[in-house]
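Presented below is the structure to which this report refers.
In the text below, chain A, chain B and the rest are named by the order of the sequence lines, each starting its count at 1. Values reported hereafter were calculated over all heavy atoms of this structure, with side chains retained and with hydrogens, waters and symmetry mates removed.
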2 protein chains.
Amino acid sequence: MEQFIEIFKALSDETRLRILNLLILSEESVCVCEIVDSLEQNQYNISKHLKLLKNVGLINESKDGRYKYFSLIKSEDLFITSLLQTISNISHQIITEDHKRLEKRFDIRVKKKCVVGVQNKHLLSRKN
Amino acid sequence: MEQFIEIFKALSDETRLRILNLLILSEESVCVCEIVDSLEQNQYNISKHLKLLKNVGLINESKDGRYKYFSLIKSEDLFITSLLQTISNISHQIITEDHKRLEKRFDIRVKKKCVVGVQNKHLLSRKN
DNA sequence: TGCTTGCTTGCGTTACTACGCATACAATAT
DNA sequence: ATATTGTATGCGTAGTAACGCAAGCAAGCA
């Protein structure tokens with residue numbers, strides 16, 4: 001049962017729900033700095049949330065040069081697929097706005113790769 | 001977003017996942033004492049968990065004499081139906097055993113109604 | 001070889017939550 | 001009316017988790 005609980009705990013956080021929805025909607029690997037810019041949050045917190053999501057097995061990690069990319073896991077497990085379906089049913093303005101910002105960030109990409117770091121640097125230490 | 005988070009928090013607890021699966025599998029209203037006996041947990045904790053599940057809108061409450069019954073909400077909301085589907089995909093021995101004990105408790109019912117209180121009284125203050 | 005940049009991690013603080021215990025409330029039975 | 005039984009709740013404690021800050025690691029560039 002512990003595994004299921006860990007997964008639901010991972011979903012009990014707004015930032016992580018936003019990250020997951022970002023990855024669901026984008027349908028491709030997203031760079032850490034692109035997530036930071038899309039969610040307008042501190043980089044170190046995004047990092048921590050990504051680590052947690054990876055630990056419970058919901059996302060995958062890959063590295064390319066100095067950039068790190070994350071993507072949804074591809075699972076055939078009934079629980080997981082059903083859960084991701086559920087998460088994609090979350091409809092909220094915040095999710096929509098995150099996705100819009102990600103689309104804009106994708107425009108900066110070159111050959112489908114991230115080429116710049118965090119852009120909203122002035123947001124790095126803002127209070128929420 | 002808060003609403004979604006509250007729901008996932010509600011699912012981040014073994015006892016509550018067990019209660020929900022019990023209600024999903026039984027497909028009818030279940031009395032508090034029947035839940036207590038099925039899960040072999042303290043009555044006051046079951047009560048607290050039921051209250052929380054009700055507060056986030058996942059279960060309904062009804063009263064009949066001195067017995068209180070709980071059942072799954074019937075929702076047409078896409079997120080909720082998808083979520084309940086997901087929860088029903090949780091497969092675990094504990095869930096199976098809970099359900100077996102509930103079936104046995106149902107045998108004691110008269111005219112589909114609960115007629116006795118908590119049976120496993122010796123378990124009321126056991127340490128888990 | 002430094003230096004910058006992208007990302008991660010350890011620490012202290014604060015806020016929340018589950019549990020056990022004791023008690024309280026509510027409905028029936030004697 | 002009082003006792004009993006089913007259920008709920010307030011309190012104290014302990015464990016957990018998110019955040020901001022500061023420092024650390026790792027890859028590429030000057």
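At distances below 3.5 Å, not a single donor-acceptor pair connects side-chain atoms of B/E103 with backbone N or O atoms of B/K100. Between the A/S12 side chain and the B/K9 main chain, a donor and an acceptor come within less than 3.5 Å of each other.
To the nearest angstrom, P of C/dA26 lies 22 Å from OH of B/Y44. Note: CG (A/N55) to P (C/dT8) measures 12 Å, nearest angstrom. When rounded to the nearest whole Å, the span between NZ of B/K68 and C1' of D/dA8 equals 7 Å. Between B/L52 atom CG and D/dT9 atom P the separation is 12 Å, expressed in whole Å.
Screening A/H92, A/R18, A/Q93 against A/D98 for a side chain to side chain donor-acceptor pair (under 3.5 Å) leaves a single residue, A/R18.
One finds no salt bridge joining A/K112 and A/E28 here, because no Lys/Arg side-chain nitrogen approaches an Asp/Glu carboxylate oxygen to under 4.0 Å.
In this structure, B/L11 and B/R16 have side chains that are not in contact, with every pair of non-hydrogen atoms separated by 4.5 Å or more.
Residue contacts shown for A/K48 include a base, since a base heavy atom lies under 4.0 Å away. Note on B/K63: only backbone sugar-phosphate atoms sit closer than 4.0 angstrom, heavy atoms only; bases stay farther off.
In this structure D/dA30 sits in a base pair with C/dT1, meeting the Watson-Crick or G-U test at under 3.5 Å.
Residue B/R66 has its side chain nearest to C/dA27 when only D/dT7, C/dT5, C/dA27 are considered. Of all nucleotides listed (C/dT9, D/dT7, C/dC19), C/dT9 comes nearest to the side chain of A/S47.
Because its NZ or CZ atom is both nearer than 6.0 Å to the ring centre of B/Y69 and within 45° of the ring axis, B/K113 counts as a cation-pi partner of that residue.
If you check residues 9-20 of chain B against DNA chain C, the residues with a heavy atom closer than 4.0 Å are B/K9, B/D13, B/T15, B/R16, listed by number.
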